[in-house]
Amino acid sequence: IANVMGKAIESICLYETVTFKSFITALLSISKQKYLILLAKTKLVKSTFYINDFNSSAEARLIIEIGNSEFTFVILQEKTFTALATYQIATVNELNDLLASENLLHHNFSKVDVVYNNKESVLVPTVLYSSNATNSYIELIYGDTFKGQLKTDFIYKHAIQNIYKIEYTIQKAMFTKFPSATISHQYSLLPDSTGLSGTKLFIVFYQNKFSVLCCKQNQLQVIQQFEYANAHDVTYYLLAIAEQYTLDVNEVELQLCGMINENSALYNELHKYFKHLSFQPLPDVFDYVDDIQTLPSHYFAHTFLFAACV
């Protein structure tokens, strides 16, 4: 095991998370637009986005992305996404309240997919993977204080094992609500959902963190996650990745998803150092109700991309 671990660390695709004392609020400069954004008035947990054109009489599939502080779900009916909602959750009690009170989650879905994006994850090349050392991989990076359910996803197209832990109380809440759900991790889906072509950084922004996939000459280099307090933090980490993997900032493309706007300080800061920035469009393999199409396409493009991979 020690020999396997030693070799794995040298070539492993890891992500690191740096914790800050303060957090940035979501970069949302949205007003006077025609799409539906509702703040729940009576629920303990409030939605940031809420679009509901759900047909309760038709077959439906539910896709959930959940992290330590965010919960997003979309509903797919035939080839059309008919509902979307995202919530900020601070505690497992808020998660339980949400699962109990959100009416759209009470439907009898034909399939439920739950995608976790928590930081406790290690990507290990299959040739260096040992099932006997699974827990050791996590503990080597994150220590033994984090208690959670250990899971492994095999990313077969890229010969990588994704080893991750799900916090016990979150796992219990989700399993109680969706006992038959298919479970996966964000980093298991990113390589296929983004398409490993060319040289690029594919970035998903959340309220106080971002995930980044680095692809160089069609090859996956690393997937990492960082927490950030301001735009300077983001550029610092991305420039560090560019330096580590010898990416030319004048040539590499940044593909942006999630909570970032073109007129934001974050976008402007990125553009100071990187010349090629683009927003991820909606996947054309699906259709979308009008309210979703009116949203900036990149806000939830990654979530819709996941739906094509699970």
Side-chain angles (χ1 to χ4, degrees), residues 8-9 11-18 63-72 113-129 133-142 146 148-167 170-171 174 181-197 200-206 208-216 218-228 234 237-238 240-241 244-245 254-258 280 283 300-310:
I9 296 305
S11 56
I12 203 169
C13 294
L14 301 176
Y15 66 86
E16 302 171 352
T17 301
V18 178
I63 300 96
I64 298 171
E65 184 186 0
I66 179 171
N68 293 332
S69 61
E70 69 280 333
F71 183 102
T72 298
D113 294 287
V114 178
V115 181
Y116 289 92
N117 65 24
N118 57 298
K119 66 180 182 179
E120 291 78 18
S121 170
V122 179
L123 300 180
V124 181
T126 301
V127 294
L128 301 174
Y129 173 75
T134 302
N135 194 58
S136 299
Y137 291 116
I138 289 287
E139 290 187 353
L140 182 66
I141 305 302
Y142 301 103
F146 178 80
Q149 182 184 33
L150 191 66
K151 297 189 71 66
T152 302
D153 294 342
F154 178 45
I155 314 173
Y156 69 94
K157 289 184 180 179
H158 310 285
I160 294 173
Q161 295 281 352
N162 181 11
I163 306 163
Y164 58 99
K165 275 188 174 182
I166 306 170
E167 203 276 321
I170 293 177
Q171 189 275 334
M174 295 300 294
T182 301
I183 307 299
S184 58
H185 193 275
Q186 182 191 53
Y187 302 141
S188 303
L189 305 179
L190 278 174
D192 288 335
S193 62
T194 61
L196 296 180
S197 60
K200 63 185 176 183
L201 297 176
F202 185 92
I203 309 167
V204 183
F205 288 98
Y206 300 92
N208 58 0
K209 68 182 182 183
F210 68 95
S211 300
V212 54
L213 176 148
C214 175
C215 176
K216 181 179 180 181
N218 308 326
Q219 297 296 318
L220 175 65
Q221 304 299 307
V222 70
I223 303 175
Q224 295 180 278
Q225 185 183 102
F226 302 95
E227 293 183 3
Y228 68 97
V234 177
Y237 295 127
L238 294 180
I241 291 174
Q244 181 178 359
Y245 295 97
L254 268 62
Q255 295 182 348
L256 309 177
C257 289
Q280 182 68 28
F300 299 100
H302 58 288
T303 307
F304 299 129
L305 285 170
F306 292 158
C309 297
V310 292

As a quick check of understanding, evaluate side-chain contact (heavy atoms from CB on, under 4.5 Å) for Asp113 and Phe306, giving each step before the final call. CA-CA 10 Å; Asp113 294 287; Phe306 292 158; over 6 Å; no
Before you tell me yes or no, could you show the steps for Met174 and Ile64 under side-chain contact (heavy atoms from CB on, under 4.5 Å), namely the whole-Å CA-CA distance, both residues' side-chain angles and the distance that decides it to 0.1 Å? CA-CA 10 Å; Met174 295 300 294; Ile64 298 171; 4.0 Å; yes
Which is it for Phe154 and Thr126 under the side-chain contact (heavy atoms from CB on, under 4.5 Å) test, yes or no, and what are the steps along the way? CA-CA 8 Å; Phe154 178 45; Thr126 301; 3.3 Å; yes
Before giving the answer on side-chain contact (heavy atoms from CB on, under 4.5 Å), spell out for Leu201 and Ile241 the whole-Å C-alpha distance, their side-chain angles and the decisive distance to 0.1 Å. CA-CA 9 Å; Leu201 297 176; Ile241 291 174; 4.1 Å; yes
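Considering only heavy atoms from C-beta on, Asn117 stays 4.5 Å or farther from Val204 through its side chain. Within the 4.5 Å cutoff, the side chain of Ser197 has heavy atoms near those of the Asn218 side chain. Within the 4.5 Å cutoff, the side chain of Ile183 has heavy atoms near those of the Ile166 side chain. Between Leu150 and Ile138, some side-chain heavy-atom pair lies under the 4.5 Å cut-off. Under the 4.5 Å side-chain criterion, counting only non-hydrogen atoms from C-beta, Lys165 is in contact with Asn135. With contacts defined as side-chain heavy-atom distances shorter than 4.5 Å, the pair Tyr237/Val212 does not qualify.
No donor-acceptor pair closer than 3.5 Å links the side chain of Tyr187 to the backbone N or O of Val122. Here the side chain of His158 pairs no donor or acceptor atom with the backbone of Ser188 at under 3.5 angstrom. A side-chain donor-acceptor contact under 3.5 Å links Lys216 to the backbone of Tyr245. A donor-acceptor pair under 3.5 Å is formed between the side chain of Gln221 and the backbone N or O of Gln219. The closest donor-acceptor contact from the side chain of Lys200 to the backbone of Thr194 lies under 3.5 Å.
Between the side chains of Tyr164 and Asp153, at least one donor N or O sits under 3.5 Å from an acceptor N or O. The closest side-chain donor-acceptor pair between Gln186 and Ser211 falls under 3.5 angstrom. No side-chain donor from either of Asn68 and Glu167 sits under 3.5 Å from a side-chain acceptor of the other.
Taking both residues in full, the closest heavy atoms of Ala181 and Val114 are given as CB-CG2, 3.9 Å, listed atom of the first, atom of the second, then distance. Nearest heavy-atom pair across Asn208 and Ser69 is OD1-OG, 4.1 Å.
Remark: Glu65 CD to Tyr116 OH distance equals 12.0 Å, nearest 0.5 Å. With rounding to the nearest 0.5 angstrom, the CD1 atom of Ile223 is 7.0 Å from the CD1 atom of Ile160. Atom CD of Gln224 is separated from atom CG of Leu123 by 10.5 Å, given to the nearest 0.5 angstrom. We find the CZ-CD distance between Phe304 and Gln280 to be 12.0 Å, quoted to the nearest 0.5 Å. Annotation: the span from Tyr228 atom OH to Lys209 atom NZ amounts to 11.0 Å, rounded to 0.5 Å. The distance from atom CG of Leu190 to atom CG of Leu220, rounded to the nearest 0.5 Å, is 9.5 Å.
Between His302 and Tyr206, the ring planes lie perpendicular to each other; the angle is over 60°, past the 30° to 60° tilted range. Below 30°, between 30° and 60°, or above 60°: for Tyr137 and Tyr129 the angle between ring planes is below 30°, a parallel geometry.
For the pairing with Leu213, the side-chain contact (heavy atoms from CB on, under 4.5 Å) check across Ile203, Val222, Leu196 returns one residue only, Leu196.
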